[in-house]
Amino acid sequence: MHKPVTIIGAGLGGLTLARVLHVHGIPSVVYEAEESPSARSQGGMLDIHDYNGQLAVEAAGLTEEFRGLVLEGRQAIRVLSPEGEVLFEKNDDGTGGRPEVQRADLRRMLLDSLPAGTVRWGHKVTGVRGREVTFANGSTVEAELLVGADGAWSKVRAVLTDAKPEYAGLTFVETYLYHADTAHPAVAKAVGGGSMFAPGQGKGIFAHRERGDTLHAYVEFNRPLEWFDGIDVTDPAQVVREFEGWAPELTALISETDTTPVFRPHYRLPSGLRWDRVPGVTLLGDAAHLTVANGEGANLAMLDGAELAKAIAARPGDVERALVEYEETMIVRAVKTVEDTDGIAESLFGDEPPEKLVELLDQQ
């Protein structure tokens, strides 16, 4: 290749691609719409799995740095009934394969591992034609190899397929409780030291304990988008009314929120999405295989990035062949992951929650 690989999007997948390319001596440039690394919050906790995300970390040569980010004890898990009864509990004994880290810390680790100037901040894509990318600041770039790591609403994807994300029937309402052990002791006790799941019929209250005595909650609704026209989800009082009869230590994750609730509807692409090859263009992560939240999205994006970089490095004289091989493996992997996690979704929103979730966890 004569030019650096052009990567659109400085999320975990795009940065992993850039890092593993760098490990193999291949330059890249990452274009990111945000103005700086601290332009917005990077979300909450991620469990990085030993069968995908950690393989990407290893390929990036950052295993020791990653271990320094792990929050001990956060792999603990418990399932509560809507009445607050503990139905299942498993402590973090240190042997689990899904250590928890803060997304922002993981992103910073990847950014710090790249040569200065690799990421070009403040480059919002307004259009892509072939391998030519146009940015809102008026600049353009003609890529030799263009990778869309630009998430659910990828601009690069439109070069390859007309497929667009569709609402998946699932929405999160996101809240935070700070200084939990002192300001919200009953809630902190209910959540425990790691993750807590309280699924109900078509809805649920889930939370995990982050760094700094913070509880991050996701109030989940399995509802059509039109249903939300009748409720102001930024008003905790309106949201909590949907959980009448639930234990107060659970509903307090809504009513006692220290932040304005955030509305997060979930979208997905068709499972197993494929496209005809366009020379020099490919996708990774949510741009390629967006699905509902299942704990795998960040892990798959990172592994996509690592595997794409290794494929390019293995075939420096035949990048098109490298892309064909990468895409075939990536698509099959994404489909299998969705199939493997379908049981989790059913256990959270099926006809028999939380019993189905307890049964599933007992088998692991």
Side-chain angles (χ1 to χ4, degrees), residues 5-14 16-17 30-33 52 123-136 141 143 145-172 222-226 263-308 311-312 319-342 344-345:
V5 176
T6 300
I7 304 167
I8 306 300
L12 297 178
T16 301
L17 170 59
V30 183
Y31 294 92
E32 170 56 45
N52 46 29
H123 280 72
K124 181 179 181 180
V125 176
T126 56
V128 182
R129 178 177 296 180
R131 286 174 285 166
E132 183 182 70
V133 184
T134 303
F135 301 99
V141 63
L145 172 54
L146 175 63
V147 181
D150 45 344
W153 306 104
S154 170
K155 291 288 199 301
V156 178
R157 184 170 58 233
V159 175
L160 299 171
T161 173
D162 293 332
K164 296 180 180 179
E166 296 184 352
Y167 179 58
L170 177 66
T171 288
F172 288 0
N222 190 14
R223 299 284 192 273
L225 270 179
E226 296 76 16
F263 179 62
R264 297 199 185 279
H266 283 244
Y267 292 80
R268 64 185 169 200
L269 289 165
S271 180
L273 176 66
R274 294 175 181 271
W275 48 83
D276 293 333
R277 280 248 27 89
V278 172
V281 184
T282 193
L283 306 171
L284 63 78
D286 284 350
H289 46 71
L290 176 69
T291 189
V292 296
N294 58 11
E296 298 287 355
N299 286 277
L300 284 178
M302 292 174 66
L303 186 57
D304 287 353
E307 292 296 301
L308 176 54
I312 294 168
V319 172
E320 279 304 302
R321 184 61 186 168
L323 297 186
V324 169
E325 294 174 353
Y326 154 74
E327 289 179 354
E328 181 61 31
T329 302
M330 175 266 292
I331 291 167
V332 171
R333 178 171 59 235
V335 170
K336 184 178 186 304
T337 300
V338 170
E339 292 174 348
D340 289 348
T341 56
D342 277 348
I344 296 176

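Rounding to the nearest 0.5 angstrom, the gap separating the CD atom in Glu166 from the CG atom in Leu269 is 9.0 Å. Distance check: Arg268 CZ to Leu170 CG gives 9.0 Å after rounding to the nearest 0.5 Å. One finds the CG atom of Asn52 at 4.0 Å from the CG atom of Asn299 (value rounded to the nearest 0.5 Å). The CG atom of Leu273 sits 10.5 Å away from atom CG of Leu290, with the distance rounded to the nearest 0.5 Å. Taken to the nearest 0.5 Å, the CD1 atom of Ile331 stands 8.5 Å off from the OH atom of Tyr326. Rounded to the nearest 0.5 angstrom, Arg274 CZ and Leu160 CG are separated by 14.0 Å.
Between Glu325 and Thr329, the closest side-chain pair of non-hydrogen atoms is not below 4.5 Å. Side-chain contact check for Glu327 versus Trp275: some heavy-atom pair is nearer than 4.5 Å. The shortest distance between side-chain heavy atoms of Leu308 and Leu323 falls below 4.5 Å. Residues Tyr31 and Val133 fail the side-chain proximity criterion, which asks for heavy atoms closer than 4.5 Å. Under the 4.5 Å side-chain criterion, counting only non-hydrogen atoms from C-beta, Asp304 is in contact with Arg333. Under the 4.5 Å side-chain criterion, counting only non-hydrogen atoms from C-beta, Thr16 is not in contact with Leu284. Residues Phe135 and Val141 form a side-chain contact, since some pair of their non-hydrogen atoms from C-beta on lies under 4.5 Å apart. Side-chain atoms of Ile8 and Thr6, non-hydrogen and from C-beta on, do get closer than 4.5 Å to each other.
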Check step by step if side-chain contact (heavy atoms from CB on, under 4.5 Å) holds for Leu300 and His289. CA-CA 9 Å; Leu300 284 178; His289 46 71; 3.9 Å; yes
Would you please test Val125 and Asp150 for side-chain contact (heavy atoms from CB on, under 4.5 Å) and show each step? CA-CA 9 Å; Val125 176; Asp150 45 344; 5.6 Å; no
side-chain contact (heavy atoms from CB on, under 4.5 Å) assessment of Arg223 paired with Thr171: CA-CA 7 Å; Arg223 299 284 192 273; Thr171 288; over 6 Å; no
Pair Thr161, Arg157 - check side-chain contact (heavy atoms from CB on, under 4.5 Å), show working. CA-CA 6 Å; Thr161 173; Arg157 184 170 58 233; 3.5 Å; yes
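Residues Ala168 and Val292 come closest through the heavy atom pair CB-CG1, 3.2 Å. Across Leu145 and Val281, no two heavy atoms sit closer than the pair CD1-N, 4.4 Å. Considering all non-hydrogen atoms of both residues, Leu146 and Gly130 come closest at CD2-O, 3.9 Å. Minimum interatomic distance between Ala287 and Ser154 (heavy atoms only, all atoms of both residues): CB-CB, 3.6 Å. Scanning all heavy atoms of the two residues, the minimum distance from Ala152 to Asp286 falls at N-CB, 3.9 Å.
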